[in-house]
Number of protein chains: 2
Amino acid sequence: MTYSISEVASKLNLTVYTLRYYDKEGLMPFVERTAGGKRVFKETDVELLNVIECLKSSGMPIKDIRNFIEWLSEGDSTLQQRYDMFTERKAAVEKQMEELQKTMDLIEHKCDYYKTALEAGTEDVHKNERMGKSVFS
Amino acid sequence: MTYSISEVASKLNLTVYTLRYYDKEGLMPFVERTAGGKRVFKETDVELLNVIECLKSSGMPIKDIRNFIEWLSEGDSTLQQRYDMFTERKAAVEKQMEELQKTMDLIEHKCDYYKTALEAGTEDVHKNERMGKSVFS
DNA sequence: TTATATCCTATAGTTAACTCGAGGTCAAGT
DNA sequence: ACTTGACCTCGAGTTAACTATAGGATATAA
């Protein structure tokens with residue numbers, strides 16, 4: 001089973017522009033072409049794009065993802081680099097999760113704060129908090 | 001207790017450029033100035049900047065954060081908008097957490113994959129997986 | 001009082017990641 | 001043969017969020 005660029009685009013929720021941009025940036029050296037020059041995506045190409053999206057979500061810039069793609073071309077000699085890279089990505093995502101949890105804590109606090117204020121009709125209900133009880137209003 | 005712009009910058013891990021940029025974008029209408037024109041940050045200003053950073057981490061663009069800041073100036077009449085905004089942010093962050101968990105799942109899978117490959121010295125140990133057993137390599 | 005560090009504004013430049021337009025090719029249907 | 005829709009390349013444009021530079025004011029310390 002193979003796919004056209006627009007099929008892959010809708011499969012991965014990207015635009016064809018984005019896919020061609022990735023290609024230009026060296027993220028898709030394995031995608032083959034028809035005699036007429038059209039891209040033909042194999043199942044493994046789609047899977048690799050999935051990994052690319054995953055690395056992007058982990059906060060990795062496209063330039064760095066290209067290095068990983070190059071390592072793939074170089075075979076077993078780059079196994080260590082690739083392992084190290086994913087280990088590093090894992091740590092990065094763990095950190096993002098912690099940050100996101102802190103963000104969530106403050107937002108939930110604000111939801112409570114505004115819920116109470118709305119019920120009272122005024123923010124003044126919170127006027128006598130804020131004496132070192134908690135860090136945020 | 002008040003702070004200079006560079007004190008606030010290091011407190012929040014931002015640059016003074018960024019803070020002035022925020023000011024220009026309308027995120028700091030409450031910060032006062034000395035006779036000579038220098039910004040003087042109060043404790044409440046720093047707290048508000050904390051909230052701003054939180055909204056940024058939740059994926060909110062600066063233009064939208066400015067709306068929130070304007071609502072603050074308008075007092076109790078905007079309590080509902082502010083409550084709705086934080087409720088919406090909460091949903092956005094929950095979604096981000098789910099996405100990040102999916103990212104983590106794939107990355108952990110890749111860590112295992114490369115650990116095994118590294119121990120075997122070749123990626124070929126994984127050659128007979130990939131028959132619908134799991135979605136990703 | 002003079003040096004130096006920190007501040008100011010205004011404006012221009014940078015970076016990443018797209019996004020689009022022009023002009024042309026290719027392949028399936030009529 | 002011809003139209004139509006999807007594809008192609010190349011290069012320019014866009015957007016958000018900074019980041020930096022120039023030129024100048026302010027304030028503290030020797």
Side-chain angles (χ1 to χ4, degrees), chain A residues 1-42 45-46 49-69 89 92 96 99 103, chain B residues 1-42 45-46 49-69 89 92 96 99 103:
Chain A
M1 192 58 188
T2 64
Y3 308 92
S4 73
I5 193 167
S6 61
E7 284 169 334
V8 174
S10 59
K11 229 171 155 60
L12 298 181
N13 248 319
L14 299 169
T15 67
V16 294
Y17 296 133
T18 303
L19 286 172
R20 288 201 273 252
Y21 165 70
Y22 286 178
D23 198 359
K24 197 156 49 177
E25 292 299 308
L27 303 191
M28 295 161 38
F30 310 126
V31 175
E32 291 174 3
R33 303 288 185 120
T34 64
K38 297 188 176 174
R39 291 175 185 83
V40 180
F41 294 80
K42 299 176 293 298
D45 295 326
V46 177
L49 276 166
N50 246 310
V51 175
I52 287 171
E53 286 307 290
C54 165
L55 290 172
K56 254 196 357 181
S57 309
S58 84
M60 200 171 188
I62 281 171
K63 295 285 164 64
D64 293 356
I65 299 178
R66 185 175 47 205
N67 291 337
F68 165 67
I69 302 291
R89 282 299 95 201
Q96 282 178 58
E99 292 302 312
T103 299
Chain B
M1 191 59 184
T2 62
Y3 308 92
S4 72
I5 192 166
S6 62
E7 285 169 333
V8 175
S10 59
K11 230 171 155 57
L12 299 181
N13 249 317
L14 299 170
T15 68
V16 293
Y17 297 133
T18 303
L19 285 171
R20 288 200 274 251
Y21 164 70
Y22 286 178
D23 197 359
K24 197 158 49 177
E25 292 298 309
L27 303 191
M28 296 161 39
F30 310 127
V31 174
E32 289 173 6
R33 303 287 186 120
T34 65
K38 297 189 177 174
R39 291 175 186 83
V40 179
F41 293 79
K42 299 177 293 298
D45 294 327
V46 177
L49 276 166
N50 246 311
V51 176
I52 287 170
E53 286 306 291
C54 165
L55 290 172
K56 253 195 358 179
S57 310
S58 83
M60 200 169 185
I62 281 171
K63 295 285 165 65
D64 293 357
I65 299 178
R66 184 173 48 204
N67 291 338
F68 166 67
I69 302 293
R89 282 299 96 201
Q96 281 177 60
E99 292 301 314
T103 299

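Lettering follows sequence order; numbering is per chain, from 1. Keep in mind the model is a prediction, meaning the values are calculated, not measured.
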Does A:T18 place a side-chain N or O at less than 4.0 Å from the phosphate oxygens OP1/OP2 of C:dA17? no
Compare side-chain N and O positions of A:K38 against OP1 and OP2 of C:dA28 and report whether any pair is under 4.0 Å apart. no
Is there a side-chain polar atom (N or O) of B:R33 under 4.0 Å from OP1 or OP2 of C:dT9? yes
Main-chain N/O of B:F41 paired with B:E32 side-chain donor or acceptor, under 3.5 Å: no
Nearest-angstrom distance from the residue atom CD of A:E7 to P of D:dG5: 18 Å
Has B:S57 got a side-chain atom pairing as donor or acceptor with B:E53's backbone, closer than 3.5 angstrom? yes
How many Å lie between CG on A:L12 and P on C:dC18, as a whole number? 13 Å
Look at B:Y22 and D:dC18 and indicate whether a side-chain polar atom (N or O) is within less than 4.0 Å of OP1 or OP2. yes
Which residue, A:A35 or B:V40, contacts DNA chain C at a nucleotide closer to its 5' end, judged by nearest heavy atom? B:V40
Can a side chain N or O of B:S4 be found less than 4.0 Å away from OP1 or OP2 on C:dC7? yes
Describe the nucleic acid contact of A:R20 in one word from base, sugar-phosphate, nothing, applying a heavy-atom distance below 4.0 Å. base
Does A:K56 have a side-chain nitrogen or oxygen under 4.0 Å from the phosphate oxygens OP1 or OP2 of C:dC18? yes
Whole Å only: how far is the OH atom of A:Y21 from the P atom of C:dT19? 10 Å
Carefully, step by step, assess A:D23 and A:R66 under the rule salt bridge (Lys or Arg N to Asp or Glu O under 4.0 Å). CA-CA 10 Å; A:D23 198 359; A:R66 185 175 47 205; over 6 Å; no
By nearest-heavy-atom nucleotide on DNA chain C, the more 5' of B:S6 and B:K24 is B:S6
Given atom CD of A:E32 and atom C1' of D:dC7, what is their separation to the nearest angstrom? 18 Å
Strictly distance-based, threshold 3.5 Å: is any side-chain N or O of B:D45 a donor or acceptor partner for the main-chain N or O of B:K42? yes
For A:D64 and C:dT15, give me the distance from atom CG to atom P, rounded to whole Å. 15 Å
When you get a sec, tell me which of D:dA17, C:dA16, D:dC8 is the closest nucleotide to the side chain of B:I62? D:dA17
Report yes or no: does A:R89 contribute a side-chain atom to a donor-acceptor pair with the main-chain N or O of A:L55 at less than 3.5 Å? no
Tell me: CG of B:D23 to P of D:dC18, nearest whole Å? 14 Å
Where each residue is assigned the nucleotide of DNA chain D containing its nearest heavy atom, which of B:T34 and A:G36 is assigned the position nearer the 5′ end? A:G36
Tell me: CZ of A:R39 to P of C:dC26, nearest whole Å? 15 Å
Length of the OH-P vector between A:Y17 and D:dG11, whole Å: 18 Å
